[in-house]
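This report refers to the structure that appears directly beneath it.
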Amino acid sequence: MNEIHLHNTLTNRLEPLSPLHPGEVRIYTCGPTVYAFAHIGNFRTFVFQDILRRFLRYRGYRVLQVMNVTDVDDRIIQNAAAAGIGIRDYTEKYIQAFLEDTDALHIELPEELVRATDHIEDMVTLIERLQKKSLTYTSDGSIYFRISQFPAYGKLSKIDVAGMQAGARVDVDQYEKDDARDFALWKAPKPGEHFWDTRIGPGRPGWHIECSAMAMKYLGDTLDIHTGGVDLAFPHHENEIAQSEAATGHPFVRLWLHAEHLILEGQKMSKSLGNFYTLRDLFAKGHKPSTIRYLLLSVPYRRQLNFTEDGLTQARNSVERLRNFTARLKSAQFAEGSNPEIQARIEKAEADFDAGLADDINTAIALAAIFDLVRDVNTAMDRGTFRQQDAPRAVAAMEKFDGILALLADDDEEKLRKLGFGTSKPGLSVSQIETMIEERQAAKKRRDFKRSDEIRQQLADSGILLEDTKDGAIRWKRK
RNA sequence: GGCGCGGUCGCCAAGUGGUAAGGCAAAGGUCUGCAAAACCUUUAACGGCGGUUCAAUUCCGCCCCGCGCCUCCA
């Protein structure tokens, strides 16, 4: 097995993964800010980290992943106030929505999904540590990190901080800072705003401190991997490094992984352009969760993904091919025995799949390994060289792959229904479908094609597609 | 302007100093009562100009084009 290599933004190089604690990989992922529904760009990143964690476990690692939920920030405070409710009540809806969305996409929950507002004390403690080291200053009740005290600032994003003149840019917010580069650790409350009364004064945490405090609380001073979208590298992750390393004196993160952005039909996704999609928008347009997951994972994470209507069609058809193949393996009849060549072929596919993912989570290679196998095995089945005992072995391989890709389960309808989408008419039950198929077979046998076609049409109207196969078996699937 | 990603068949997208993966689509075929579905086969591609080299899509330089970050946006 190939050693796992991942691209580290810090060094701009592929580096081998060697966890600090043998056998366990500790990951921190920047999660959602729950002021609205997450958009599909967010899910590109979340699907990526899902593939990563699934692959690490496939390789036998224990995974300890922490994902934050930012449930306090300027927008949340404003929106909650506008709605006349507390921030906890305001964010609850979007946290639930996030959980539902991730479930629909088969994104596994991290071991720890933690809310910022449950960790105010940890943030206060971390800020105090920085204060003791004289790395902060207070201005109008807000506490800032003094970047000039952290010479390594900029090492992640390679941004030329010296060139950032104080005041050269529009002031970020209404707070007074000594230097434009400095960032808020703690923000003094504005009149009427939600705040916490703490040892460092009344206020609320800045955005960056949240991730440092929670990451180190659960994962230790040094994490193996930190993931997020490319846009977070600066300033968010840069600031995380500054705070954390200044406080502990240890390296904060060994491997920084950044997922490239998704663009929509060639354009940046933005509300003003009107091309801003949430998962639910796509479901409402009739797209399946598995289609979206496939499209999001089919492009390797460091490459921009152009999300298009055309791409969705291609993704849907690709998922179909994988599912059809698996269904054929499970239902078709084969001659007794086994074929050593098939066994070897399956092993090669497994090795290729694994090698692809080990190479910086190259999902395109991993998928190609599967599709190559699909074609070769289909050919063998057509030629009759595929044997009965090869089938369970091939099914096992597909399931192994799917432990990471999570595309094969035909549960799109179920997932959509949970979210209130999909067909309003109740779907036929499996037994109803099977009864109708039997009836159609009987009609065909007595050459009553009018009746058999009628049943076929009825099923089609209910979204059930029949496949008359060569060996006489009937397969069906939901459209 | 600084930093970064990218331009490979009609579309999506790997990869390599020497015969360019895979998927979708298309065309042909197999199967079938008809059809559909499924499956098989085939086709076709390295932005431009120079340079290094026996050999460049791959390395170097310049140019053109697209996208991102440089303001709490994944």
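Scope of the values below: all heavy atoms of this structure, side chains included, with no hydrogens, waters or symmetry mates. Treat the numbers as computed from the prediction; the structure is a model and nothing was measured. Order of the sequence lines fixes the chain letters, A, B, ..., with proteins taken first and strands second; residue numbering starts at 1 for each chain.
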Practice problem: State whether a side-chain donor-acceptor pair under 3.5 Å links A:S157 with A:E238. | Solution: yes
Quiz item: What is the nucleic acid contact for A:S157, judged by heavy atoms within less than 4.0 Å: base, sugar-phosphate only, or nothing?
Solution: sugar-phosphate
Quiz item: Do A:Y153 and A:N239 have side-chain N/O donor and acceptor atoms under 3.5 Å apart?
Solution: yes
Quiz item: Mind checking the P distance from B:U32 to B:U43? Whole angstroms is fine.
Solution: 28 Å
Shorter than 3.5 Å, N or O on both sides, protein versus nucleotides 29-31 of chain B: list them out with atom names.
none

Exercise. Would you please confirm or rule out a distance under 4.0 Å between OP1 or OP2 of B:G33 and any side-chain N or O of A:K450?
Key: no
Quiz item: Now, which nucleotide makes the Watson-Crick or G-U wobble pair with B:C9, with each of the two distances under 3.5 Å?
Solution: none
Quiz prompt | Donor-acceptor under 3.5 Å (A:D360 side chain, A:N362 main chain) | solution = no
Quiz item: Strictly by modelled atom types, are A:T70 and A:N68 linked by a side-chain donor-acceptor pair under 3.5 Å?
Solution: yes
Practice problem: Please evaluate the base of B:G23 for a donor-acceptor partner in the side chain of A:N317 within a cut-off of under 3.5 Å? | Solution: no
Got a list of protein N/O to nucleotides 4-8 of chain B N/O distances below 3.5 Å?
none

Quiz prompt | d(CG, A:N68; C1', B:A74) in whole Å | solution = 12 Å
Exercise. Hunt down the Watson-Crick or G-U wobble partner of B:A26, both distances under 3.5 Å, from any strand shown, or write none.
Key: B:U42
Quiz item: B:U16 and B:A20: how far apart are their C1' atoms, nearest whole angstrom?
Solution: 8 Å
Quiz item: Does the side chain of A:T379 come under 3.5 Å of the side chain of A:D382 through a donor N or O and an acceptor N or O?
Solution: no
Quiz item: So, A:H7 versus A:H258: side-chain donor-acceptor pair below 3.5 Å or not?
Solution: no
Quiz prompt | Nearest to side-chain heavy atoms of A:L232, which nucleotide of B:A14, B:A74, B:C72 | solution = B:A74
Quiz item: Do A:R440 and A:S452 have side-chain atoms, one donor and one acceptor, less than 3.5 Å apart?
Solution: no
Quiz item: Between atom CD1 in A:I365 and atom C1' in B:G23, what is the gap in whole Å?
Solution: 13 Å
Self-check item: Rounded C1' spacing from B:G29 to B:C65 in Å
Solution: 42 Å
Quiz item: Does B:G33 have OP1 or OP2 sitting under 4.0 Å from an N or O in the side chain of A:K445?
Solution: no
Practice problem: For B:A45 and B:C73, measure between their C1' atoms and round to the nearest Å. | Solution: 36 Å
Self-check item: Sorted by number, the residues of residues 34-41 of chain A with heavy-atom contact under 4.0 Å to RNA chain B
Solution: A:H39, A:G41
Quiz prompt | Pairwise C1' distance, B:A38 and B:G48 [rounded to whole Å] | solution = 45 Å
Practice problem: Could you list all the ring-ring contact (aromatic ring centres under 6.0 Å, His included) pairs where at least one residue sits in residues 300-323 of chain A, not counting sequence neighbours? | Solution: A:F48-A:Y301
Exercise. Examine B:G15: is either OP1 or OP2 under 4.0 Å from a nitrogen or oxygen in the side chain of A:N362? Give yes or no.
Key: yes
Filtered N/O pairs between nucleotides 39-42 of chain B and protein, under 3.5 Å:
| from | atom 1 | to | atom 2 | distance (Å) |
| --- | --- | --- | --- | --- |
| B:C39 | O3' | A:N378 | ND2 | 3.3 |
| B:C39 | O2' | A:D382 | OD2 | 2.3 |
| B:C40 | OP1 | A:R375 | O | 3.4 |
| B:C40 | OP2 | A:R321 | NH1 | 3.2 |

Practice problem: For side-chain contact (heavy atoms from CB on, under 4.5 Å), just list the numbers for A:Q65 and A:Q49, CA-CA rounded to whole Å, side-chain angles, deciding distance to a tenth of an Å, and then say yes or no. | Solution: CA-CA 10 Å; A:Q65 182 189 14; A:Q49 58 80 28; 2.5 Å; yes
Exercise. Could you note down all residue pairs passing salt bridge (charged side-chain N to carboxylate O under 4.0 Å, His left out) where residues 306-318 of chain A supplies at least one of them, sequence neighbours left out?
Key: A:K285-A:E309
Quiz item: Roughly how far, to the nearest 0.5 Å, is CD1 of A:I77 from NE2 of A:H194?
Solution: 7.5 Å
Practice problem: For nucleotides B:A14 and B:C54, find the distance between their P atoms and express it as a whole number of Å. | Solution: 33 Å
Quiz prompt | Face-to-face contact A:F43 to B:A74 six-ring, under 5.5 Å, under 30° | solution = no
Self-check item: Distance between P atoms of B:U41 and B:C3 (Å, rounded)
Solution: 49 Å
Self-check item: A:T11-A:E15 side chain donor-acceptor pair, cut-off 3.5 Å
Solution: yes
Quiz item: Between A:H261 and B:A74, do the rings stack, that is, sit under 5.5 Å apart with planes less than 30° off each other?
Solution: yes
Exercise. Tell me yes or no: between the side chains of A:D182 and A:Y137, is some donor less than 3.5 Å from an acceptor?
Key: yes
Quiz item: Which whole number of Å gives the distance between the C1' atom of B:C60 and that of B:C70?
Solution: 28 Å
